[in-house]
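Just so you know, these numbers come straight off a predicted model, no measurement behind them. Here is how names work: the chains are called A, B, and so on, in the same order as the sequence lines, proteins then strands, and each is numbered from 1.
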Protein chains: 2
Amino acid sequence: MAATLTERRLFILKIVVQEFVETATPVASEMLVRKYGLGFSSATVRNELATLEDLGYLTHLHTSAGRVPTDAGYRFFVENLMERTSLSMAEQRMIRHQFYQVRGELDQWIQLAGAVLARTAQNASLVTPPRAEHLRFKNLELISIHETMVLAVLVFHGGIVKQQTFSPDTARSAEDLRRCAGQISDQLADLTVSQVEDLITHDAQQLAPLFGDFEHGVIDLVTHAMQTFEEQAREQIHSDGLLEMLSQPEFIPSLTRDDAERAVERLRRALEILKNGRGLGPLIPQALASEGVQVIIGGEHSEDEMREYSVVLARYGVGGTVTGVLGVIGPTRMAYPRSISTVRYISSLMTSLLGDLYAGETRPPFEDGL
Amino acid sequence: MAATLTERRLFILKIVVQEFVETATPVASEMLVRKYGLGFSSATVRNELATLEDLGYLTHLHTSAGRVPTDAGYRFFVENLMERTSLSMAEQRMIRHQFYQVRGELDQWIQLAGAVLARTAQNASLVTPPRAEHLRFKNLELISIHETMVLAVLVFHGGIVKQQTFSPDTARSAEDLRRCAGQISDQLADLTVSQVEDLITHDAQQLAPLFGDFEHGVIDLVTHAMQTFEEQAREQIHSDGLLEMLSQPEFIPSLTRDDAERAVERLRRALEILKNGRGLGPLIPQALASEGVQVIIGGEHSEDEMREYSVVLARYGVGGTVTGVLGVIGPTRMAYPRSISTVRYISSLMTSLLGDLYAGETRPPFEDGL
DNA sequence: CCTTAGCACTCTCATACCGCGAGTGCTAAA
DNA sequence: TTTAGCACTCGCGGTATGAGAGTGCTAAGG
C-alpha cells in the first residue's frame with residue numbers, strides 16, 4: 001500500500017508510458033526487458049509494474065494483458081518524467097516560412113496555425129481567433145456599393161475588421177458617406193461596446209445637434225455589429241486536423257467486430273466535439289486566464305465526453321489587448337512532449353506576429369530555442 | 001432481353017427506389033405486395049424485378065437478397081419517376097427567417113446556406129463563396145493601425161471585401177494615406193486583375209509622374225492580393241453537414257465485423273472528400289456553366305472516390321457578375337426529391353439576396369412556390 | 001400467355017465452441 | 001530481493017451450426 005517511488009520504478013513508469021504512446025498496445029514486462037536491455041528479469045519488472053498499479057499509475061484491462069497508463073500515470077509523466085523538448089530547427093524554420101507567406105492576412109494565420117498544429121502533433125487542433133476582451137472601436141468606412149446599398153467596414157484596435165452591408169432609407173453621395181464615416185469615427189474612437197452603448201443612451205443629446213437620422217442609424221448598426229461580433233467571437237472555436245487525429249490507432253478498428261463498433265462511435269463523438277466545440281467550452285476562459293502551456297488529461301476534464309481525450313492549450317497574443325487560445329486535442333495516449341513543444345512554439349510565434357501588428361507592448365521577438 | 005417498360009414495371013421500379021431510399025435495406029418482393037397492397041403476388045413481382053434487373057435498373061448483391069437500385073435506376077427515377085416537390089411553406093419561412101437574421105453579413109450567408117442545406121437534406125453540403133469570374137476593383141481604403149503598420153481594405157464589385165496589413169517603409173499620416181488610397185482607387189476603379197497587371201507593366205509611365213515608391217508599393221500589394229484572392233477563391237469549397245451525412249445508415253456499421261470495417265473506411269473517405277474538396281473539383285466549373293439543378297449519381301462522377309456518392313448542385317447568383325455553387329452530397333441512396341427541392345430553394349434564395357446586394361440586373365424576388 | 005403456389009436452394013447473420021498465444025500472478029528457491 | 005518456473009486467464013481468429021430471409025424455378029391454373 002505505502003509503496004515508494006524508487007528510481008527504478010520511475011524509470012519503468014516512464015518507459016511504459018513512452019512505449020504505450022508509441023505503439024498503442026498494452027506493454028508487457030517481457031518486451032520491456034528485451035527492448036530496453038534492462039539488467040533484471042521480466043518477473044522483477046512484473047513486480048514493479050504491480051506496485052505502480054497499486055500506486056494508481058497503471059492499469060490492466062484484463063488479467064492477461066499488458067499495462068496501460070492511467071490518467072494519473074500520464075499526469076505524473078507530464079509533470080515529472082518527460083524531458084522538455086523543442087521542435088527541431090528545421091521544423092521551426094519551415095513553420096515560420098509558412099507564416100511568412102501569409103503575412104498580412106490575419107484570417108489566414110488562424111487557419112494556418114490550425115493546420116500546422118494538426119500536422120505537427122498528428123492530432124486535431126483548435127484555435128480561437130485573437131480577440132480583445134472588449135473590442136475597441138478604431139475606425140469606420142462607408143462605401144457605396146450602389147444607390148441603395150452601403151458597405152460599412154468597421155476597424156477595431158488590433159487590426160480586426162468586420163464588414164456589414166445595409167441599405168439606408170435615403171441615397172447618399174460618396175462624399176456624404178465619407179464625411180459621415182469620419183464624424184462617427186471621431187465620436188466613437190477608442191470606445192468599447194459598453195462605452196458606445198452608454199454614449200447613445202445617456203449622452204444622446206450630445207450627439208443630437210450634429211447627427212441626423214442617418215447618422216443615428218449608422219451608430220445603431222455599429223453598436224449592433226459590435227455586440228454580435230464580440231459575442232460570436234467569444235464562442236467561435238476553429239478546429240482542424242480531424243483527419244490527422246483519425247489516423248491515430250484509437251480510431252482505426254482492429255478486425256474484431258465490437259472494437260470496430262467502438263471505433264465508429266468514438267469517431268462520431270470526436271466529430272461532435274470538434275464540430276460544435278462541445279466539451280471544449282470551459283477550457284477557453286480557463287486557458288485565457290493562465291500563462292504557459294496547459295495540459296488537461298482525460299478524466300480531468302469537467303465534461304464526460306472528453307474523458308478519453310487530452311487537450312494541450314496555450315494562450316497567445318498580448319494579455320489584456322488581443323489574445324486567443326490555441327491547442328491540440330487527441331486521445332489521452334498522446335505524444336505529450338511533442339504536443340507541448342508544438343503548442344508552445346506556435347503560440348510564441350503567433351504572439352510575436354500579433355505583437356508586430358498591434359501597437360501596444362510587444363514581447364521581444366522570441367528565440368528559436370524557446 | 002428486349003423487355004419493355006410497362007406501366008406496372010415503372011411503378012414497381014419507383015416504389016423499389018423509394019423503399020430502398022427510405023429503409024436502406026434491400027427490398028424484397030414479398031414486402032412490396034404487403035406494404036403497397038399490390039393486386040398481384042410476390043412471384044409476379046419477382047418476375048418483374050428480374051426484368052428490371054435485366055434492363056439494368058436494379059441489382060442483387062447476392063442470390064438471396066432483395067433488390068437494390070443501380071446508378072441507372074436512380075437516374076431513371078430522377079429523370080422520369082419522381083414527382084417534383086417543394087419545401088413546405090413552413091420550412092421556407094423558417095429558412096428565410098434565418099437568412100433575415102444575418103442580413104448584411106455576406107460571410108454568414110455561406111455558412112448559413114451550408115448549415116441549412118445539410119440539416120434540411122440530412123446530408124453533407126457544399127457551398128462556394130459567390131465570386132465574379134474576374135474580380136473587379138472598386139475601392140481601396142488605407143487605415144493606419146500604428147506607426148509602422150497599415151491596414152488595406154480592398155473592396156470589389158459585388159460587395160466583396162479583402163483585408164490585408166502591411167508595413168510601409170516610411171511612416172505616413174492618416175491624411176496622407178487617405179489621399180493615396182483615393183488616388184489609387186481612381187486609377188484602378190472597375191479594373192480586373194489582368195487589367196491592373198496590364199496597367200502596371202505597359203502603362204507604367206502613365207502612373208509614374210503622379211506616384212512615388214509608396215504608391216507603387218501599394219499597387220503591387222493590391223495586384224498581389226487580387227491574384228491570390230481570385231485564385232484561392234476559385235478553389236475554396238465550404239462544406240458542412242458531415243455529421244448529418246454520417247447519421248445516414250451507410251455510415252452506421254451493423255454488427256458484422258467487415259461491414260464495420262467498411263463503414264469506417266467509408267467514413268474516412270467521406271471526410272477526405274469534404275475536407276479538401278477531393279473529387280468535387282471538376283463539378284464546380286461544370287455547375288457554374290449550367291442552369292438549374294444538376295444531379296450527378298454515383299458512377300457518373302469522373303472521380304473514382306465519388307463512385308458511392310451523389311451530388312445535387314445548383315448555381316446561385318447573377319451569371320457573369322457574382323455567382324457561386326451550392327449543393328448537397330450524400331450516398332447514392334439519397335432522398336433525391338428532397339435534396340433537389342432544398343437545393344433549388346436555397347439557390348433561389350441566395351440569388352435573390354445577392355441580387356439585392358449587387359447593383360446589376362436583379363431577378364424578380366422569387367416566389368415561395370418556386 | 002400471364003399469374004401464382006410451392007419448394008428447393010443460397011446466402012447472411014448470429015452464436016457457440018475450440019485452440020492458440022500472450023502475458024500475468026504466484027510460489028518457491030537462490 | 002531477485003528470479004525461474006508454471007498454472008491460469010483471457011482475447012482473438014477460425015470453424016461449425018442453425019435459423020431466417022428471399023430468390024429462382026417449375027408446374028399448374030386462369
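Of the side-chain N and O atoms in R8(B), one or more sit less than 4.0 angstrom from OP1 or OP2 of dT3(C). The phosphate of dA21(D) has neither OP1 nor OP2 within less than 4.0 Å of any side-chain N or O from R67(B). Residue T44(A) places no side-chain N or O under 4.0 Å from the OP1 or OP2 atom of dT2(D).
Using a 4.0 Å heavy-atom criterion, one finds that V27(A) contacts the sugar-phosphate atoms exclusively. Within 4.0 Å of S29(A), counting heavy atoms only, lie sugar-phosphate atoms of the nucleic acid but no base atom.
With distances taken from any side-chain atom of H62(A) to the nucleotides dT24(C), dG11(D), dT3(D), the minimum falls on dG11(D). In this structure, of dG22(D), dT24(C), dA4(D), it is dA4(D) that holds the atom nearest to the side chain of A43(A).
Between the side chains of E91(B) and Y345(B), no donor-acceptor pair is found at a separation under 3.5 Å. Defined by atom type and a distance below 3.5 Å, a donor-acceptor pair is present between the side-chain atoms of Y336(A) and S310(A). Judged purely by distance below 3.5 Å, without hydrogens or angles, the side chains of R333(B) and Q248(B) pair a donor atom with an acceptor atom.
Remark: M31(B) CE to T23(B) OG1 distance equals 5.5 Å, nearest 0.5 Å.
Atom CG in L61(B) sits about 18 Å away from atom P in dA21(D), given to the nearest Å. Rounded to whole Å, the distance from CG on L49(A) to P on dC26(C) is 14 Å. In this structure, R34(B) atom CZ and dA21(D) atom C1' are separated by 11 Å, rounded to whole Å. In this structure, R9(A) places its CZ atom 9 Å from P of dT2(D), rounding to the nearest Å. dC25(D) atom C1' lies 13 Å from atom NE2 of H60(B), rounded to whole Å. Atom-to-atom, CG of D54(B) to P of dG24(D) comes out at 10 Å; the value is rounded to the nearest Å. Rounded to an integer number of Å, the gap from CE of M31(A) to C1' of dG21(C) is 16 Å. One interatomic measurement links the two molecules: CG of N47(A) to P of dA28(C), which rounds to 15 Å at whole-angstrom precision.
For the pair R8(A) and F40(A), the cation-pi criterion (under 6.0 Å, within 45° of the ring axis) is fulfilled.
Here the closest heavy-atom approach between residue R268(B) and residue S247(A) is recorded as NH1-N, 4.2 Å.
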Is there any protein nitrogen or oxygen under 3.5 Å from a nitrogen or oxygen in nucleotides 8-10 of chain C, and what are the pairs?
{"unit_1": "dT10(C)", "atom_1": "O2", "unit_2": "S64(B)", "atom_2": "OG", "d": "3.2"}

Show which side-chain atoms of residues 67-77 of chain A pair as donor or acceptor with protein atoms under 3.5 Å away, not counting sequence neighbours.
{"unit_1": "R67(A)", "atom_1": "NE", "unit_2": "E53(A)", "atom_2": "OE1", "d": "2.7"}
{"unit_1": "R67(A)", "atom_1": "NH2", "unit_2": "E53(A)", "atom_2": "OE1", "d": "3.0"}
{"unit_1": "T70(A)", "atom_1": "OG1", "unit_2": "G56(A)", "atom_2": "O", "d": "2.7"}
{"unit_1": "T70(A)", "atom_1": "OG1", "unit_2": "Y57(A)", "atom_2": "O", "d": "3.3"}
{"unit_1": "T70(A)", "atom_1": "OG1", "unit_2": "A72(A)", "atom_2": "N", "d": "3.3"}
{"unit_1": "T70(A)", "atom_1": "OG1", "unit_2": "G73(A)", "atom_2": "N", "d": "3.0"}
{"unit_1": "D71(A)", "atom_1": "OD2", "unit_2": "G299(A)", "atom_2": "N", "d": "2.7"}
{"unit_1": "R75(A)", "atom_1": "NE", "unit_2": "E300(A)", "atom_2": "OE2", "d": "3.0"}
{"unit_1": "R75(A)", "atom_1": "NH1", "unit_2": "E79(A)", "atom_2": "OE1", "d": "3.0"}
{"unit_1": "R75(A)", "atom_1": "NH2", "unit_2": "V295(A)", "atom_2": "O", "d": "2.7"}
{"unit_1": "R75(A)", "atom_1": "NH2", "unit_2": "E300(A)", "atom_2": "OE1", "d": "2.6"}
{"unit_1": "R75(A)", "atom_1": "NH2", "unit_2": "E300(A)", "atom_2": "OE2", "d": "3.4"}

